Structures are given as structure tokens and as C-alpha cells.
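Written out below as C-alpha cells is the structure these notes cover.
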Amino acid sequence: MANSAIASAGELKRHLFYETSHSPALADLVGYEKARDIIDFCFIANPYYPTPEMMRDLQQNLPNLIKSYPSSSPIMSQQNLAAVLHVSPEKLIIGNGATELIVLINTFLIDRFAVPIPTFGEYIEKLRDQRDAELYPLDPQQCYELHLPKYLRWIHQRNLRSALVINPGNPTGQFLPLDDMVDFLNAAADLELVIVDESFIDFAGDPIPSLMPLAERFSNLLIVRSMSKHCGVPGLRLGYCYSSNLYLLNRLRRFIPTWNLNTLAEYFLSLLPQTDAAYHEARKRLMGDVRWLHGALQSIRSIDVYPTGANFVLFKVNTGMTAAALQARLLEDHQMYVRDCSNKVGMDDRHIRVASQGREKDARLVDALRVLVP
Ligand SMILES: Cc1ncc(COP(=O)(O)O)c(C=O)c1O
């Protein structure tokens, strides 16, 4: 083991891990300095964007930005974002990460709402009342696949008024094609609110198979997207929601704190229009890496690899080893940190999620797995 401060399996468990459904940040586990020596496959963010030029630009402006107040009006930021999304700025709300918006949506827009599990934890943890979420367990025997018509039947049987779909799913990576989503939304027109979280949709295809250009057709649709993943800026805390329903947006807007975006995040948004071509290049490059990673993982006999439309891959370990044990071995023997999904509600203890970190690092992960679970 290269690093004595790296946690053992037992230490990992005692750590933040079982107190929240998120994986602890690597720096929390081993400190900032040691974290640099470990490849973090939990980190689900585009490694090719922002470009090095953008990073230099951000660095150069940092002292000024730190000493300035953010804008008290979100309109400039909305315009910058709308320019690259090709949508109307007034139909966007930008949040301090999608998580800020999810908490507000959960608190102010939702009564009882359907959530397929396993899911991204914030949707079921940050509710006014845990009973507000009705959990729809996905079947492990069916690879946790979400079947939209069955889901909708279940929603109607329970008279639920709102529902969540994450597309592509986290942690499964399952991608639901645009036509299926449109059929679902047509059939769900009687619901008050359908939240579609498209945080990973930019990796699902080209052109991007998003509902955003079709949002005008569905007045109950609220699209949520994190920018942490596709723009590769989890530390800046940027996410947004989009809807054609201005009434819905205004209900949310009232609760967005003034200055919720920091100056560095605002400045980053101002760079989006001029770097859009570089963004799409980075996005497509990462999609190629994920295809490679997925194929290479499939060549390992003792793991079952799930299809993915995201920038990560979920797999199941079939050797009798738990995901927690494999996670610890990868950390201790290979200085690689992967996501053990055991603490996700509705998931068993055999699943690991790995986000692509670029071809070279991904190849090292595949080599390590060939040693540990041949
Ligand atoms: C599906 C999904 N939505 C939203 C988020 C929140 O992202 P952030 O708050 O970093 O924008 C995440 C983070 O992992 C996610 O997986």
C-alpha cells in the first residue's frame, strides 16, 4: 500500500460513507495532499472541459472576482447559458448546483411524489417529510431498468400527482430514448409535475437527445440539470432548471437567495458562448472514452456491465466479493477510488460505479480490475 493514510475497508465504513448516500470526497478521506496521488473514479465530471485556456482565464481573474460581489440579478447569467442551450433565458433558473434547486423543488413544489430507486439521494433525502416520496423499487433481476409505461401505471394506481425520471439514470446509467420520454410525457399529462433530471444527457448522444427543445409541449415538465458533470465544474456549484411553465418557475424563483451564484461561477458562465465549440468537442471525446471503458469492462468475465448513456459505467461483481471489499482493494493496492453503491437506497451490496477519467486512467482501472476480479 503506497499510502498509510488511505483508509482500510473498515475505516471507510466508519467514515462519512454510511451517514450520507453520497460517497465521501477523496480529500475528506485522505487529505488534500494525498488525494492527488489517487485516481478518483467517483468524480463524475468531464475531464476535457473547461479548456486549459479557460482555466488560465479563471485563474487570472480570481483575485478580482473574490473581491467583488456577484450580480444581484441573474439575467446576464441566464442569457449566457441560454445562448449555448438555444432556449429562452427567462425560462431558466440557475442554481448553486442542481442540488440547491432540487431542495427548493422538493420543499415548495412537491406533495407526494414518485421516485424510482436507486436514485440520486437528494431527491429522497431533502424532503419536508420523508413520507412525501413514494419509492418505486427497480428490480435487480431486470438490471434496475426503468420501464416507463409500467412506472406510469404504478403512479396512476397510487394517485400520485408528481413524478421523477432521471435520464440517463444515476447510478444505473440507463438511457431512455427521446421518443419513449415523449410518449411518457404525453401519457402523464394529467400529473401536476414531472421532473426530468437530465444531468447526464449531454453524454447520451449527438445531437443531444434532450427534452429541452420540446419543453413547450408539456406544461407540467420541469427539466433539472447539473452543470458539474457535463461542464466539468463541480466545485463552481452550477445547475439549472428549465420549463415552459412560467407560473411554476415563478413559484420557485421566489425562494432563490439573492447572490446564490458566486462571482467565479458567473464569470465561467460568461465564457460559455465563446467556448461552445470546444465544449462539444470535449463532450464527444469523453463519449468516445466511455464507449472504450464500457467495452473494456465487458471483457472482464467476473463482472456484469450495465449499458450506459452517461459518462460513468455501473457494474456488478460476480465473484462473491462485495463492492465495499473491491473498493478497498482498489484503493489500497492500486490507489484508485471507485463508488461502492451499497449505501444507495434500493441497491444491493455488489455494485460499483466508475466515471471515465480519460482513456489512459481508465485503462489503468481496467488493468487493476483484471488483477482483482479476473
Ligand atoms: C442525477 C443528478 N442530479 C443532480 C445532481 C446534483 O449535481 P450538482 O448539485 O453538483 O449540480 C447529481 C449529482 O451527482 C446527480 O447525479
Side-chain angles (χ1 to χ4, degrees), residues 16 20-26 40-46 49-50 77 81 85 92-107 110 113 115-127 133 138 144 146 163-176 181 194-204 210-212 222-242 252 256-257 260-262 264-265 268-269 272 290 306 308-314 337-341 343-347 351 353-356:
L16 290 173
T20 142
S21 69
H22 303 296
S23 49
L26 199 46
D40 187 355
F41 290 96
C42 292
F43 180 76
I44 328 184
N46 190 341
Y49 190 85
S77 291
L81 183 57
L85 295 173
L92 283 168
I93 298 180
I94 309 180
N96 190 280
T99 298
E100 179 182 54
L101 301 171
I102 292 169
V103 173
L104 294 176
I105 292 166
N106 281 359
T107 310
I110 278 167
F113 113 116
V115 182
I117 53 162
T119 186
F120 173 57
E122 295 292 304
Y123 283 109
I124 50 177
E125 286 162 16
K126 300 287 162 59
L127 289 159
L138 300 171
Y144 298 101
L146 177 62
L164 169 72
V165 176
I166 301 183
N167 186 32
N170 182 8
T172 61
Q174 182 193 356
F175 167 59
L176 299 156
M181 288 302 297
V194 180
I195 298 165
V196 179
D197 185 321
E198 292 191 334
S199 292
F200 299 100
I201 199 78
D202 282 29
F203 303 113
S210 168
L211 281 165
M212 219 170 249
L222 184 64
I223 297 172
V224 173
R225 281 190 183 181
S226 165
M227 294 181 77
S228 303
K229 293 83 177 63
H230 62 274
C231 283
V233 289
L236 291 185
R237 310 307 303 132
L238 280 169
Y240 53 92
C241 57
Y242 183 79
L252 263 190
I256 303 282
N260 69 325
L261 305 185
N262 66 70
L264 196 60
F268 170 77
L269 290 173
L272 291 181
V290 176
Y306 291 61
T308 188
N311 59 332
F312 57 79
V313 183
L314 181 75
Y337 184 42
V338 298
R339 176 67 154 99
D340 159 20
C341 295
N343 65 340
K344 286 218 167 250
V345 177
M347 186 150 256
H351 285 80
R353 189 191 64 201
V354 289
S356 174

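Because the structure is predicted, anything quoted here is derived from the model rather than measured. All residue numbers in this chain count up from 1 along the given sequence. Counting starts at 1 for both ligands and their atoms, in listed order.
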Anything under 3.5 Å between an N or O on ligand 1 and a protein N or O? List each pair with its distance, or write none.
residue	atom	partner	partner atom	Å
ligand 1	3 (N)	Asp197	OD2	2.7
ligand 1	3 (N)	Ser199	OG	3.3
ligand 1	7 (O)	Ser226	OG	3.2
ligand 1	9 (O)	Ala98	N	3.3
ligand 1	9 (O)	Thr99	N	3.0
ligand 1	9 (O)	Thr99	OG1	2.6
ligand 1	9 (O)	Arg237	NH2	2.7
ligand 1	10 (O)	Ser228	OG	2.6
ligand 1	10 (O)	Arg237	NH1	2.9
ligand 1	10 (O)	Arg237	NH2	3.4
ligand 1	11 (O)	Ala98	N	2.7
ligand 1	11 (O)	Ser226	OG	2.7
ligand 1	11 (O)	Ser228	OG	3.4
ligand 1	14 (O)	Lys229	NZ	2.7
ligand 1	16 (O)	Asn170	ND2	2.7

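Residues satisfying the salt bridge (Lys or Arg N to Asp or Glu O under 4.0 Å) criterion with Asp202, sequence neighbours excluded, are Arg225. Qualifying side-chain contact (heavy atoms from CB on, under 4.5 Å) partners for Asn262, counting only residues two or more places apart in sequence or in other chains: Leu264, Ala265. The side-chain contact (heavy atoms from CB on, under 4.5 Å) test applied to Ala163 returns Ala114, Tyr151, Ile155, Leu191, not counting sequence neighbours.
A donor-acceptor pair under 3.5 Å is formed between the side chain of Asn46 and the backbone N or O of His230.
Taking the side chain as every heavy atom from C-beta outward, Met347 and Tyr144 approach each other to under 4.5 Å.
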Next item on the list: Carefully, step by step, assess Phe268 and Met227 under the rule side-chain contact (heavy atoms from CB on, under 4.5 Å).
Entry: CA-CA 11 Å; Phe268 170 77; Met227 294 181 77; 4.3 Å; yes
